Amino acid sequence: MSRAINMLDKRLHTNLAGIYMNTPVLTASGTFGFGEEFAEFVDLSRLGGVMVKGTTLKPRRGNEGVRITETPMGMLNCIGLENPGVDVFLQETLPRIANYNMNVIVNISGSTVEEYGILAEMLDVPGVAAIELNVSCPNVKEGGIVFGTDPKAAAAVVQEAKAHTKKPVILKLSPNVTDIVTMAKAVEDAGADIISLINTLLGMEINIHTQKPTLGNVTGGLSGPCVKPVALRMVYQVAKAVSVPLIGMGGISCAEDAIEFLLAGASAVAVGTANFSDPAVTMKICDGINDYLARRHLESVQDIIGAAL
Amino acid sequence: MSRAINMLDKRLHTNLAGIYMNTPVLTASGTFGFGEEFAEFVDLSRLGGVMVKGTTLKPRRGNEGVRITETPMGMLNCIGLENPGVDVFLQETLPRIANYNMNVIVNISGSTVEEYGILAEMLDVPGVAAIELNVSCPNVKEGGIVFGTDPKAAAAVVQEAKAHTKKPVILKLSPNVTDIVTMAKAVEDAGADIISLINTLLGMEINIHTQKPTLGNVTGGLSGPCVKPVALRMVYQVAKAVSVPLIGMGGISCAEDAIEFLLAGASAVAVGTANFSDPAVTMKICDGINDYLARRHLESVQDIIGAAL
Amino acid sequence: MPKAAVDGEIIAQHELAKDVWRMEVEAREIAREAEPGQFVQLQIPGGAFTLRRPVGIAEVSLQKGTVAFIYRVVGKGTKALSQLTAGTVINVLGPLGHGFSLKAKRPLLVGGGMGLSPLLFYAEHAQGKADVLMGGRNVRELFWQDIYKPHVQKVFCTTDDGSYGTQGFTTTLLPELLQQEDYDLIIACGPEIMMKGIAKIAHEYNVPCQVSLEKRMGCGLGACLSCSIDTTSGERKKVCKDGPVFWAEEVFDLA
Amino acid sequence: MPKAAVDGEIIAQHELAKDVWRMEVEAREIAREAEPGQFVQLQIPGGAFTLRRPVGIAEVSLQKGTVAFIYRVVGKGTKALSQLTAGTVINVLGPLGHGFSLKAKRPLLVGGGMGLSPLLFYAEHAQGKADVLMGGRNVRELFWQDIYKPHVQKVFCTTDDGSYGTQGFTTTLLPELLQQEDYDLIIACGPEIMMKGIAKIAHEYNVPCQVSLEKRMGCGLGACLSCSIDTTSGERKKVCKDGPVFWAEEVFDLA
Ligand SMILES: Cc1cc2nc3c(=O)[nH]c(=O)nc-3n(C[C@H](O)[C@H](O)[C@H](O)COP(=O)(O)OP(=O)(O)OC[C@H]3O[C@@H](n4cnc5c(N)ncnc54)[C@H](O)[C@@H]3O)c2cc1C
Ligand SMILES: Cc1cc2nc3c(=O)[nH]c(=O)nc-3n(C[C@H](O)[C@H](O)[C@H](O)COP(=O)(O)OP(=O)(O)OC[C@H]3O[C@@H](n4cnc5c(N)ncnc54)[C@H](O)[C@@H]3O)c2cc1C
Ligand SMILES: Cc1cc2nc3c(=O)[nH]c(=O)nc-3n(C[C@H](O)[C@H](O)[C@H](O)COP(=O)(O)O)c2cc1C
Ligand SMILES: Cc1cc2nc3c(=O)[nH]c(=O)nc-3n(C[C@H](O)[C@H](O)[C@H](O)COP(=O)(O)O)c2cc1C
Ligand code: FES
Ligand code: FES
C-alpha cells in the first residue's frame with residue numbers, strides 16, 4: 001500500500017528544512033495524540049508528520065473541570081497541557097510509535113527558557129524528526145503566554161533550543177498579538193528553521209444557566225473553521241516577511257482550506273480540530289490537493305506555494 | 001404601541017453614562033445604516049441606540065473590488081468607511097432620522113487626532129446621543145490601525161474628543177491587540193465615558209480559483225458568531241479591570257449570546273452581522289432577555305450585569 | 001415598498017437543467033408586492049450560513065401566494081439550497097430593490113445565463129407583448145426557450161458555438177432585431193460585459209435600456225454598503241436598494 | 001477493537017417520551033462489532049456543528065445491520081439530531097470505548113434517566129438473565145419499563161415523588177434487592193451521584209460493580225484528553241478510550 005500511495009502522491013512530496021514529507025499535510029499538536037489513536041483511519045506514513053501532544057519536563061495533570069466546549073464553527077479547549085512528561089514519552093511512547101514510519105514532531109512547552117533547552121537536548125534522539133516549540137499555549141499560567149507575545153522572549157527560547165539539538169526547530173506562533181510579523185521576524189533571526197502558525201485564539205464561554213464560565217480554566221483556546229480567516233491572514237503576512245518555511249494551520253477542514261494556506265505562502269499545513277469531526281480528514285485533504293494540482297496540470301505542490309502573495 | 005412596549009420592557013430600561021435606553025440592545029456601526037433602513041422590521045425607539053455608519057470629515061468612496069465574503073459562521077468586510085462625510089450627515093441624514101425617537105450614536109473615524117476633535121465638535125448638536133470613536137477599523141491605511149493598537153494614541157484621541165464635546169464619548173476597542181486590558185485602562189484614564197468592544201478581527205480569504213485574495217482590500221474585518229468567544233473573553237477581562245460601562249459586541253445573534261455578554265460585565269450589547277441574516281433579530285433579543293429575567297423573577301437587567309465575574 | 005421576512009414553505013423544488021434549479025415558496029406577502037426585476041434574500045436553513053443569498057424573482061402566483069426562483073448551483077450556499085426538499089421552511093426577505101419599467105408597450109428582453117430568471121417574471125407580466133433574445137454557450141444552456149414560449153411573441157437565440165440559433169453573442173443579433181422591430185424598451189440581464197454591449201447598441205439605435213446588476217450583498221436593505229457602485233453622474237448608489245435595475249446610462253459610460 | 005466512521009441511513013426516528021428520541025441507523029460494521037456499554041460519536045449533518053455528539057448504543061440488530069440510540073434533547077446538538085428524518089444519512093463513528101463485563105450470570109442493571117439507554121443493550125444481550133432497577137423523578141420518566149420488560153426477569157422502580165414504585169432513589173431500594181437476590185454483578189449508569197451511591201452499597205454487599213461515566217468529548221479516540229479523569233490509583237484515564245465503563249473502585253473512593 002505504501003508503494004501505491006507514493007505513486008499517487010508524487011506531486012505532494014516536499015521537504016521542509018531537511019524533513020522529507022510524503023505530503024505537506026501534518027496533524028496539529030494536541031488534536032491527534034501520538035498518531036496511533038488514528039491508525040485505523042489514516043495511513044500515518046502518508047502524513048507530512050504528526051505533531052504529537054504537547055510534552056513538558058515533568059508530568060502535568062492539566063486543568064480541572066470542563067475542558068472543551070463547542071462554539072460557532074469552532075471549539076474552545078483548556079486541556080492545560082496534560083501529559084505524562086518527557087521521560088515517559090522517550091521510554092514508552094516513542095518506541096511504541098516507531099514502527100508507523102511517520103515523521104514524529106515533538107511539541108514542547110517549558111516554564112523557563114532553560115527548560116526548552118533541556119527538553120530539546122533530551123529529544124535529540126533517533127525517531128524524532130523535529131522539535132516544535134509551543135510558546136503560545138494560552139492555558140498555562142507559568143510563562144507560556146509571555147514567551148508567545150514577547151519577541152525577545154520567543155527569540156531566547158529558539159536560541160536555547162537550537163543550542164541543544166541538531167534537529168530542525170519549529171517555533172509555533174501565538175495569534176494573540178498585535179503584530180505577528182514582528183514575532184515571526186524575531187524568531188527567524190534567532191534561528192528557527194521553520195515557523196508554524198497559528199496556535200489558538202484566547203476565548204471564553206459563559207453558561208447562562210449557572211452564570212459561570214463554562215470552562216474549568218475560565219478561558220480557553222479557540223480553534224476550528226471559525227479562526228481560519230485570522231490564521232490565513234497571519235500566514236500571508238508572515239510569508240511576505242520571512243524566508244523560512246511555514247507550516248500553516250488554524251481551521252483547516254478540507255482540501256480547499258489547505259490550498260488557501262499553501263497559496264498564502266505556507267509550505268505545509270497542519271490539521272487540528274477537523275480530525276475530531278472526521279478522523280480521516282487528512283487523507284481527503286491529501287487527495288483534494290492532488291486533484292487540484294492534477295486539474296491544473298501542475299507537477300508539484302511547490303508550484304502553488306505562495307502563488308497568492 | 002410604544003406605550004405597550006415600555007410596559008413590556010420595564011425590566012430592560014437602563015442608563016449608560018446619562019444616555020437613557022429603553023433596552024440594553026443597540027445596533028453596531030456599519031451594519032444597520034442609519035436605522036431607517038430597518039424601520040420596517042424593528043421598532044427603532046425600542047433599541048438602546050443605533051450606532052450609525054462610520055462618519056468621516058470628508059466623504060469617502062471606500063474600497064474597490066469585492067467588499068464582503070462569507071466565512072465559517074462569520075463574514076469578512078472591507079467596506080473601507082464609505083460615507084458621504086459629516087456635512088451631509090448633519091444636513092441631510094440627521095434631520096431625516098430625527099423623528100424615529102431613537103438614540104443616535106455617531107461612529108466617527110479620523111486620520112489625525114485633531115480630526116476626532118473637529119468631528120466631535122461638529123456633532124455636538126441636538127439629536128446626537130453620543131459619539132463613538134472608531135480607532136480600530138482595520139481597513140483604513142491612514143492611521144486607523146495605529147490609534148487602535150497603541151494605548152497612548154487611543155488615549156490622545158479620547159482626550160481630544162472629550163475636549164470638544166459635551167456628549168458622552170464612547171471609545172471602541174480593536175481586538176487586534178496583545179493586551180486588551182492595557183488599552184481599556186488607557187482610554188478610561190483619558191476620560192472615555194463608555195468603552196465599546198470589539199471591532200472586527202483582521203482576517204482574509206483567498207479564492208483558490210483565481211489564486212488571489214477575495215477581497216478588494218486583501219484583508220478585511222471578521223465579524224459574526226465565529227468571533228463571539230474572543231469578544232466575550234475581552235469583555236470579561238476589561239470588565240474586571242475598568243469601572244466605566246461597557247457595550248459588548250461581537251457575534252451576538254440571539255438572546256442567549258447577549259445574556260452571556262451581560263453576565264461577563266457589559267452594561268449593554270450591540271448587534272452587528274446578525275442583522276443581515278434576520279433584520280428583526282434585535283427585537284427577538286430584547287424579548288429573550290426579558291424572558292430570561294422574568295423566568296428568574298428578576299426586576300431589572302442590572303441584576304445580571306457582571307454576574308459571572 | 002413594504003418588505004417582509006417571511007417563513008415560507010417550499011412548495012416545489014426540482015432541477016430544470018444540469019445544476020439549474022427552480023424553487024417555489026409560499027410567501028403571500030411577497031407574492032403580492034413583488035414587481036419584475038426585484039429580488040429576495042434567501043436565508044439558508046440549518047444555521048450554517050451567515051449571509052443570505054440574493055436571487056431574482058422568476059415567477060409569482062398571486063392566487064397560490066407563491067414566488068419562484070431559478071438559480072444555478074455555483075457554491076456552498078446554492079448547493080445547500082438545492083438540497084432542500086418540498087415541505088422545508090425557508091425564510092425569504094423581500095421584495096427588495098426596484099424593478100424594471102412597466103411602461104413599455106413592446107419590450108425586448110435580452111438575457112444571458114441566469115439573467116434569464118428575473119426576465120421571466122417580466123415576460124409573464126408583459127402578457128405576450130415582449131420578445132426575448134437569449135444567449136448561451138451552447139444549445140444545452142438554452143433550455144429557457146420552452147419556459148419562455150408561452151409568455152412571449154418571439155424567441156431569438158444565439159450560441160457561442162453555433163450549436164443553435166445565430167452563432168455569436170446576443171450583441172451579434174441585436175442590431176438586426178432593432179432594425180426589424182419597433183421596440184420601445186430593452187431590458188437586459190446577464191454578465192456585465194454582455195449588458196454593456198447591449199446598452200451600447202441600444203444607445204446607438206436610440207432605444208431606452210435598463211440593466212440589472214449583481215454585487216455581493218450583506219443586508220440587502222441599503223444599510224451596509226457592501227454593494228455600492230459608481231454611477232456615471234459621480235453619485236454612489238447601492239445595487240440592493242437603488243437597483244438592481246438601473247437605466248443603462250446611469251451605470252455605463254455609453255459615449 | 002476495529003472502529004469505523006460509517007455513513008449510515010437513518011432507518012427510523014421517533015419520540016418515545018417528551019424530548020426523548022430513538023434513532024435507528026444502518027451501520028453494519030458497527031452493529032457487528034458493538035458490545036453493550038460502548039458508544040458512538042454522531043456527526044450532526046449540515047455542517048453547522050464542529051464536534052460530534054457521544055451517545056451510547058441502546059440496541060443492535062445484527063440481521064438488519066442497524067444500531068439504535070435513545071437520547072434526550074438537552075441542547076442545540078441533540079435538538080438538531082431529533083429533527084433528522086428517516087432517509088437522512090448520518091456519519092457514525094464507533095464502536096468506541098470498552099463495554100460492561102459479559103461474564104455475569106445474574107446481573108442487576110441500575111439506571112437513572114438516560115443511563116437506561118446503554119443498559120438496554122446489555123439487557124437484550126443478557127437474554128433474560130438480568131433484572132433492572134430504574135429510578136426517575138416521576139412515573140412519566142419510567143416509560144422505560146415497557147421497553148425493558150421483554151428482556152429482563154424483573155423490573156424494579158423508584159420515583160422521587162412516589163408517584164410509582166418505591167418512593168426515593170435507586171439507592172433506597174438497592175439494599176433490599178441485594179438481600180433478596182444473588183446478583184453477581186451490578187452495572188450502573190446514570191447521574192454520577194447515583195452511581196457513586198450504588199457503588200458504595202454494592203461494595204458493602206460485596207457485589208462487583210461497574211459504572212459508566214460521561215465527560216465532554218472531542219475526538220472519542222483517546223487523542224485529545226478532553227475526557228481525562230483521575231482514577232483512585234492515581235493514574236489518569238480517558239473516559240472515551242479506557243471507559244466509559246470502569247470498575248467502581250477504579251473511579252470512586254469507596255473506603
Ligand atoms: C440581485 C441579485 C439577483 C440574483 N439573482 C440570481 C438568480 O435569479 N439566479 C441565480 O442563479 N443567481 C442569482 N444571483 C447570483 C446569486 O446570488 C449567487 O450565485 C449566489 O449568491 C452564490 O452563492 P453560493 O453560496 O452558492 O456561492 P459562493 O461563491 O460560495 O458564495 C460566497 C459569497 O459570495 C456571494 N456571491 C457569490 N456569487 C455571487 C453573485 N454572482 N452575485 C452576488 N453574490 C454572489 C454569495 O452570496 C456569498 O455571500 C443574483 C445576485 C444578485 C445580487
Ligand atoms: C459516553 C457517553 C454516552 C452518552 N450516551 C448518551 C445516551 O445514550 N443518551 C443521551 O441522551 N445522552 C447520552 N450522553 C450525553 C450526550 O452526549 C449529551 O446529552 C449531548 O452531547 C448534548 O449535546 P447538545 O448539543 O444537545 O448539548 P449542549 O449542551 O448544547 O452541548 C454543548 C457541548 O457539550 C457537550 N455535552 C453536553 N452535555 C454532555 C454530556 N452529558 N455528556 C457529554 N458531553 C456533553 C456536547 O457534546 C457539546 O460538545 C452520553 C455522553 C457520553 C459521554
Ligand atoms: C484539544 C486541543 C489541544 C491542543 N493542544 C496543543 C498543544 O498541546 N500544543 C500546541 O502547541 N497546540 C495545541 N493545540 C493547538 C493546535 O495544535 C492548533 O494550533 C490549533 O488548534 C489551530 O488549528 P485547528 O483550528 O486546525 O485546530 C491544541 C488544540 C486543541 C483543539
Ligand atoms: C459591513 C460592516 C461594516 C462595519 N463598519 C463599521 C464602521 O463603520 N465603524 C465601526 O466602528 N465598526 C464597523 N463595523 C464593526 C461592527 O460595528 C462590529 O464592531 C463588529 O462587526 C462585531 O460585531 P458583530 O459580530 O455583531 O458584527 C462594521 C462591521 C461590518 C460587518
Ligand atoms: S447589501 Fe447592504 S447596502 Fe446593499
Ligand atoms: S475525547 Fe479525546 S481523549 Fe477522550
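Below, chain A is the first sequence line, B the second, and so on; all start at residue 1. Please read all numbers here as calculations on a predicted model, not as lab measurements.
For B:Leu222, the part lying under 4.5 angstrom from a heavy atom of chain A is the side chain only. Only the side chain of A:Val218 comes within contact range of chain B, judged by heavy atoms closer than 4.5 Å. At a 4.5 Å heavy-atom cutoff, B:Val235 makes no contact with chain A through either its backbone or its side chain. Proximity to chain A involves both the backbone and the side chain of B:Leu232, based on heavy atoms less than 4.5 angstrom apart.
When every heavy atom of B:Thr214 is checked against every heavy atom of B:Val66, the shortest pair comes out as O-CB, 3.4 Å. Counting all heavy atoms, side chain and backbone alike, A:Leu173 lies closest to A:Met183 at CD2-CB, 3.9 Å. In terms of heavy-atom proximity, A:Ala190 sits nearest to A:Val158 at O-CG1, 3.6 Å. In terms of heavy atoms, A:Pro213 sits closest to B:Tyr236 at CG-OH, 4.2 Å. Closest of all the heavy-atom pairs between B:Ala231 and B:Ile198 is CB-CD1, 3.5 Å.
Without hydrogens or angle criteria, A:Asp9 side chain to A:Leu12 main chain gives no donor-acceptor distance under 3.5 Å. The closest donor-acceptor contact from the side chain of A:Asn176 to the backbone of A:Asn199 lies at 3.5 Å or more, if one exists at all. Listed for the B:Asn63 side chain is a donor-acceptor partner under 3.5 Å among the backbone atoms of B:Cys78.
Close approach to chain B, defined as a heavy atom under 4.5 Å from one of its heavy atoms, is seen in no residue of residues 267-284 of chain A. Heavy-atom neighbours of chain B within the stretch residues 285-309 of chain A, taken at a separation under 4.5 angstrom, comprise A:Tyr292, A:Arg296, A:Ile304, A:Ala307, A:Ala308.
Using a 3.5 Å distance cut-off with no hydrogens or angles, the side chains of B:Ser109 and B:Asn134 do pair a donor with an acceptor. Donor-acceptor pairing under 3.5 Å is lacking for the side chains of A:Ser223 and A:Thr200.
For the set B:Leu262, B:Ile208, B:Val230, the entry with the most heavy-atom pairs within less than 4.5 Å of chain A is B:Ile208. Counting heavy-atom pairs under 4.5 Å between each of A:Pro229, A:Pro175, A:Cys226 and chain B puts A:Pro229 at the top.
Sorted by first and then second residue, the salt bridge (charged side-chain N to carboxylate O under 4.0 Å, His left out) pairs involving residues 211-235 of chain B (not counting sequence neighbours) are B:Lys228-B:Asp257, B:Lys228-B:Glu260.
By the ring pair (Phe, Tyr, Trp, His ring centres under 6.0 Å) test, A:Phe261 pairs with no residue at all, sequence neighbours left out.
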